[in-house]
Amino acid sequence: MSAYSLKDLNVNCRDKYPVKNLWLKHKDLLQLELCTGEDSLNGFIEESGLHRPGLAMAGFTSVYSSHQIQVIGHTEWNYLESLGPEKRRAIFKNLSQFHSPLWVITHDQKPHQELLDMCNDQNAPIFCTPLYTFEFANIVQRILEDFFAPYAVIHASLVDVYGVGMLYIGESNVGKSECVLDLVERGHRLVADDVVHISQIGSSIIGRANPMVKHHMEIRGVGIIDIRSMFGIHAVRKIKKIEVIVELQQWDRHATYDRTGLSSSVEEIMGVKIPHILIPVLPGKNLTVISEVIAMNSLMKMDGMDTASSFNELLLRRIKEKAKGHKVEDFMDESIFNGNAYE
Amino acid sequence: MIVKTLYVTNKLGVHARPAGMIVDITGQTKSDVTIIHDGQKANAKSILNVMMLAIPPGSEVQFEIDGQDEEDVMKQLERLFHDNFHEESY
């Protein structure tokens with residue numbers, strides 16, 4: 001019953017990143033300059049990561065990641081420069097057995113004619129960038145990781161509460177949307193309602209709205225509303241890491257809910273473990289303030305403060321003192337003369 | 001109403017975890033449940049009430065249960081105390 005919508009996800013992966021997208025979407029970010037013709041941009045990157053063909057240039061070609069971006073950094077460029085045209089031609093003749101989606105030359109260096117010739121033959125693009133190799137690698141890595149990340153669609157709602165990504169799950173009609181609306185009204189930010197696109201990047205699960213639904217919500221009895229135009233730009237957020245899963249459940253007398261906060265339950269989404277909290281829903285129960293408390297409590301936990309554990313330590317100390325026959329404090333220890341306001 | 005004395009036989013006494021187990025049982029019943037230790041009375045359905053008693057290992061605890069399913073609730077509590085709250089014994 002628990003977290004039913006997170007089980008048996010239909011997980012997909014993309015496997016071909018069009019080189020044209022890299023050029024059109026990210027040329028400014030990566031400061032790319034195209035050294036070949038526009039028609040050379042028809043290839044696809046089929047593997048995340050960058051390949052530095054230094055060893056291949058030196059003759060070792062039995063392992064070669066030809067589906068990745070080929071990067072000529074400072075080292076490779078200077079190696080090529082030191083060789084002279086004849087040897088360079090031989091190198092690129094040898095490398096022409098592989099067909100790579102694109103070549104990138106970092107450090108504001110210009111491609112050698114021999115590389116240009118090979119790429120023109122293969123109709124593969126060459127980009128130049130003034131970025132250092134590590135800067136270029138950092139950015140491209142993030143772009144490709146995001147693109148190749150496994151993804152799925154779930155029935156849930158995602159809200160940023162005090163910067164904490166809270167994913168609400170539960171049966172239809174349990175009050176997810178109403179809870180989300182109340183949070184938005186109190187100044188928190190809607191990421192997605194009802195449909196959340198999630199993708200797994202490393203040990204994080206990132207949530208986004210459906211590109212068509214975006215910041216719209218459906219409230220039963222009212223219909224479709226647009227949160228951004230109704231509450232303003234501060235009420236929405238495009239993308240958020242999921243940090244807590246809140247499961248809303250119709251209150252059940254016989255279900256057990258966490259009373260101490262000592263046992264931390266987790267739910268797994270695409271192999272990533274995320275803290276999970278089960279909240280019973282009752283008429284008259286204020287889910288908004290509970291949500292804010294959950295968010296603040298997880299911020300405190302991230303900061304190393306675990307209230308439940310420290311309270312229990314205090315209690316265990318008290319029990320020990322009592323067992324030894326020590327005097328325990330009395331509520332009368334708080335003298336009425338300490339607080340005039342309470343007299 | 002039934003009244004029964006139970007013994008805390010685990011090593012750590014009634015700290016947060018055992019207190020949580022007690023209220024898991026008492027919270028499900030419609031009967032009134034009172035826990036008495038060392039002359040102090042507390043509502044056994046509230047975890048903070050139970051914890052404030054700071055009941056040390058080896059001590060006596062009295063339960064007063066009043067309601068339709070009092071026998072059943074007492075049986076569950078007896079079993080819980082008998083099993084040392086699934087912890088090491090005193």
Side-chain angles (χ1 to χ4, degrees), chain A residues 1-2 247 249-266 275-285 289-290 293-294 297 300-301 304-334, chain B residues 7-33 35-61 67-69 72-73 76-77 80-81 84-90:
Chain A
M1 173 82 190
S2 147
E247 182 174 357
Q249 197 184 60
Q250 220 49 267
W251 188 68
D252 173 4
R253 175 169 280 276
H254 300 291
T256 53
Y257 302 100
D258 190 5
R259 301 290 293 256
T260 58
L262 287 172
S263 49
S264 46
S265 134
V266 291
H276 166 258
I277 294 171
L278 184 62
I279 300 290
V281 179
L282 274 165
K285 190 155 181 163
V289 75
I290 293 171
V293 164
I294 292 170
N297 207 27
M300 283 169 76
K301 277 186 189 161
M305 289 180 277
D306 188 343
T307 313
S309 303
S310 45
F311 186 87
N312 196 29
E313 274 161 34
L314 178 80
L315 176 59
L316 284 166
R317 255 202 318 277
R318 194 64 26 89
I319 291 172
K320 251 184 212 158
E321 284 166 14
K322 222 172 159 184
K324 281 186 199 154
H326 292 207
K327 183 190 172 292
V328 258
E329 79 253 282
D330 188 332
F331 72 94
M332 284 295 191
D333 290 349
E334 205 68 72
Chain B
Y7 296 91
V8 178
T9 51
N10 69 329
K11 202 172 173 180
L12 294 172
V14 184
H15 59 104
R17 232 175 270 279
M21 289 168 152
I22 292 172
V23 295
D24 273 347
I25 294 173
T26 56
Q28 291 185 15
T29 171
K30 279 186 175 153
S31 305
D32 291 327
V33 190
I35 178 168
I36 306 159
H37 168 71
D38 212 8
Q40 242 187 316
K41 265 193 181 194
N43 181 347
K45 293 184 176 193
S46 146
I47 190 163
L48 287 169
N49 265 254
V50 175
M51 287 199 289
M52 81 173 183
L53 297 176
I55 305 166
S59 48
E60 285 182 8
V61 175
Q68 280 194 339
D69 54 354
D72 180 49
V73 175
Q76 289 182 54
L77 288 170
L80 181 69
F81 276 69
N84 307 321
F85 310 102
H86 311 293
E87 284 182 6
E88 215 181 314
S89 71
Y90 170 54

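Throughout, a chain's letter reflects where its sequence line sits, starting with A, and its residues are numbered from 1.
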Against chain B, label A:Y257 side chain, backbone, both or neither, depending on which of its atoms sit under 4.5 Å from a heavy atom there.
backbone
Contacting region of A:A255 [heavy-atom separation from chain B under 4.5 Å]:
backbone
Got more than 12 heavy atoms from elsewhere within 6.0 Å of NZ, A:K320?
no
NZ of A:K285: more than 12 outside heavy atoms within 6.0 angstrom?
yes
Residue B:L53 versus chain A: region with a heavy atom under 4.5 Å
backbone
Which atoms of B:T29 are under 4.5 Å from chain A, going by heavy atoms: the side chain, the backbone, both sets, or neither?
backbone
Can you name the closest pair of heavy atoms from [X] and [Y] and give their distance?
| X | Y | result |
| --- | --- | --- |
| A:T260 | B:G20 | CG2-CA, 4.4 Å |
| B:A16 | A:L262 | CB-CD1, 3.4 Å |
| A:L316 | B:H15 | CD2-CB, 3.5 Å |
| B:I55 | A:I319 | O-CG2, 3.7 Å |
| B:K45 | A:R259 | O-NH2, 3.1 Å |
| B:V14 | A:L315 | O-CD2, 3.8 Å |

